[in-house]
Amino acid sequence: MFGNKDIPVYLFAGFLESGKTTCIREIIEEGNFSDGKRTLLILTEEGEEELDDMLLKAHKIDVITVENEEEFTEDMCVYDLKKYHADRVAIEVNGMWDLDNIYNKVLPENWVVIQCFTTVNAKTFDMYVNNMKSMMMAHFQLADMVIFNRCTSDMNKPSMRRSVKGINRMAQVLFENEDGSVENNIEEELPYDLNASEIDLEDDDFGLWYIDVTEHPERYENKTITFKGQVYRSPNFPSGTFVPARAAMTCCADDIQKIGFLCHADAAELLNVDDWVTVSVRVKPEFNPQYQQLYPVLWADEVKKAEPPAEEVVYFS
């Protein structure tokens with residue numbers, strides 16, 4: 001039964017009292033684990049909310065608790081999977097534990113993470129960002145869905161959403177209000193005219209454009225976008241292409257990475273890597289098999305040398 005059979009895993013990440021247990025209960029109540037298969041639920045911290053024993057029994061869910069991070073090992077995972085004859089695993093992850101280590105060292109090779117949910121208490125979000133930003137961003141980086149709960153009308157939801165998208169542009173972001181209503185179409189107030197056929201990006205607006213064109217490439221199809229970027233090339237790039245990139249800080253000064261889109265340009269190979277250029281490009285969405293959706297590809301009408309922007313680093317918050 002166990003051999004090399006793939007075991008689907010569902011991860012629930014987030015800090016203490018962020019709503020992980022509530023999220024698990026809602027998923028169970030919605031019938032997602034009602035196919036008759038056995039589920040092993042691994043809890044790694046105790047919050048205020050508890051799961052009802054009758055609910056767990058009705059859905060064939062066995063629960064174990066792991067109190068110390070050192071005890072959460074691959075051997076423990078293999079042992080308990082066999083002990084409970086489980087067909088899948090759900091893990092409520094302690095927000096202070098190393099999520100990357102769990103992915104890469106703890107989970108057995110045949111345990112396949114199907115979905116990772118990250119829950120966030122919107123009322124304490126700023127506190128955690130100010131004091132534990134690197135850990136918060138790690139939760140975002142691996143999430144398929146981020147759920148901000150306990151939201152109020154006066155909160156800056158676009159900024160919260162930007163904090164997620166800046167580090168994980170493919171994550172779905174939901175906002176659950178105090179009255180129980182859910183929002184998932186939080187629109188940014190863009191600093192340029194989206195209806196214009198030509199858009200000249202200010203240097204500080206690159207981050208907003210980057211997120212929006214990633215999510216809605218069809219909005220920019222055949223529009224001409226002009227902006228500054230730094231020449232980036234890789235030996236793996238197709239001939240005649242480069243990336244006019246910007247350095248983005250997604251977490252802290254030690255976590256700066258280049259972001260941008262592949263751009264087709266005449267004589268791209270003659271451009272000097274790291275030179276600053278101003279590009280005028282047309283956006284042509286193409287289907288990306290990696291992301292299974294349309295993705296922006298740029299075609300340059302003009303590339304010319306430029307001075308660096310006053311602030312070279314892009315910020316998302």
Side-chain angles (χ1 to χ4, degrees), residues 9-24 27 41-49 65-74 76-77 89-107 111 113-151 155-176 186 207 211 247-259 313-317:
V9 178
Y10 299 84
L11 291 181
F12 298 84
F15 291 109
L16 186 66
E17 310 304 341
S18 67
K20 296 193 294 291
T21 304
T22 300
C23 181
I24 293 172
I27 286 176
L41 173 58
I42 303 174
L43 304 180
T44 62
E45 66 181 1
E46 291 186 12
E48 291 183 353
E49 296 288 333
T65 301
V66 184
E67 296 182 352
N68 299 314
E69 189 171 5
E70 294 75 17
E71 297 174 1
F72 192 30
T73 65
E74 181 177 359
M76 186 220 79
C77 291
V89 177
I91 307 173
E92 182 179 336
V93 182
N94 187 312
M96 303 302 292
W97 291 9
D98 188 339
L99 192 57
D100 189 64
N101 182 68
I102 292 173
Y103 260 86
N104 295 310
K105 294 184 179 180
V106 174
L107 299 185
W111 286 29
V113 177
I114 301 299
Q115 200 162 16
C116 178
F117 302 86
T118 291
T119 53
V120 183
N121 182 341
K123 292 183 177 180
T124 59
F125 174 63
D126 288 341
M127 179 191 72
Y128 279 114
V129 167
N130 292 332
N131 294 285
M132 300 181 184
K133 188 170 184 178
S134 61
M135 297 187 74
M136 176 69 79
M137 296 303 116
H139 294 172
F140 291 164
Q141 191 170 33
L142 297 171
D144 298 295
M145 178 180 292
V146 177
I147 304 167
F148 288 89
N149 52 57
R150 304 173 179 89
C151 295
M155 291 178 174
N156 189 345
K157 294 174 186 174
S159 177
M160 295 157 70
R161 183 176 183 277
R162 213 179 305 135
S163 296
V164 178
K165 291 292 186 176
I167 194 168
N168 182 353
R169 61 194 180 212
M170 304 310 295
Q172 185 179 0
V173 184
L174 302 180
F175 296 90
E176 184 176 306
I186 302 296
I211 292 174
M249 188 171 77
T250 56
C251 175
C252 57
D254 295 329
D255 187 31
I256 292 178
Q257 57 184 336
K258 294 289 183 67
I259 60 173
V313 177
V314 172
Y315 302 90
F316 293 102
S317 56

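Heavy-atom basis, side chains included; hydrogens, waters and symmetry copies ignored. Sequential numbering from 1 along the given sequence is applied to the chain's residues.
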When rounded to the nearest 0.5 angstrom, what distance separates [atom1] in [X] from [atom2] in [Y]?
| X | Y | atom1 | atom2 | answer |
| --- | --- | --- | --- | --- |
| I91 | I42 | CD1 | CD1 | 4.5 Å |
| E74 | W111 | CD | CH2 | 9.0 Å |
| L107 | N101 | CG | CG | 9.5 Å |

Please set out all donor-acceptor pairs under 3.5 angstrom arising from side-chain atoms of residues 11-22, sequence neighbours excluded.
{"residue": "E17", "atom": "OE2", "partner": "E48", "partner atom": "N", "Å": "3.4"}
{"residue": "S18", "atom": "OG", "partner": "F15", "partner atom": "O", "Å": "2.7"}
{"residue": "S18", "atom": "OG", "partner": "T119", "partner atom": "O", "Å": "3.3"}
{"residue": "S18", "atom": "OG", "partner": "T119", "partner atom": "OG1", "Å": "2.8"}
{"residue": "K20", "atom": "NZ", "partner": "G14", "partner atom": "O", "Å": "2.8"}
{"residue": "K20", "atom": "NZ", "partner": "F15", "partner atom": "O", "Å": "3.3"}
{"residue": "K20", "atom": "NZ", "partner": "E45", "partner atom": "OE2", "Å": "2.4"}
{"residue": "T21", "atom": "OG1", "partner": "E92", "partner atom": "OE1", "Å": "3.3"}
{"residue": "T21", "atom": "OG1", "partner": "E92", "partner atom": "OE2", "Å": "3.1"}

**Listed partners of E70 passing side-chain hydrogen bond (donor to acceptor under 3.5 Å, both in side chains), at least two apart** = none
**Message:** Once side-chain hydrogen bond (donor to acceptor under 3.5 Å, both in side chains) is applied, do any residues pair with D100, and if so which ones, sequence neighbours excluded?
**Reply:** N104
Show the nearest heavy-atom pair for residues [X] and [Y], with the distance to one decimal.
| X | Y | value |
| --- | --- | --- |
| I167 | S163 | CG2-O, 3.8 Å |
| F72 | V106 | O-CG2, 3.4 Å |
| R150 | N121 | CD-OD1, 3.3 Å |
| I211 | G166 | CD1-N, 4.1 Å |
| G207 | V314 | CA-CG1, 3.6 Å |

**Asked** Tell me, which pairs form a salt bridge (charged side-chain N to carboxylate O under 4.0 Å, His left out) where one or both residues lie in residues 121-132, sequence neighbours left out?
**Response**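 Applying salt bridge (charged side-chain N to carboxylate O under 4.0 Å, His left out) to every pair that reaches into residues 121-132, excluding sequence neighbours, yields K123-E178.
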**Asked** Taking only residues two or more places apart in sequence, or in another chain, which ones meet F140 in a ring pair (Phe, Tyr, Trp, His ring centres under 6.0 Å)?
**Response**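 With neighbours one apart ignored, the set is empty.
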**Complete:** side-chain contact (heavy atoms from CB on, under 4.5 Å) filter on E67, not counting sequence neighbours, yields T65
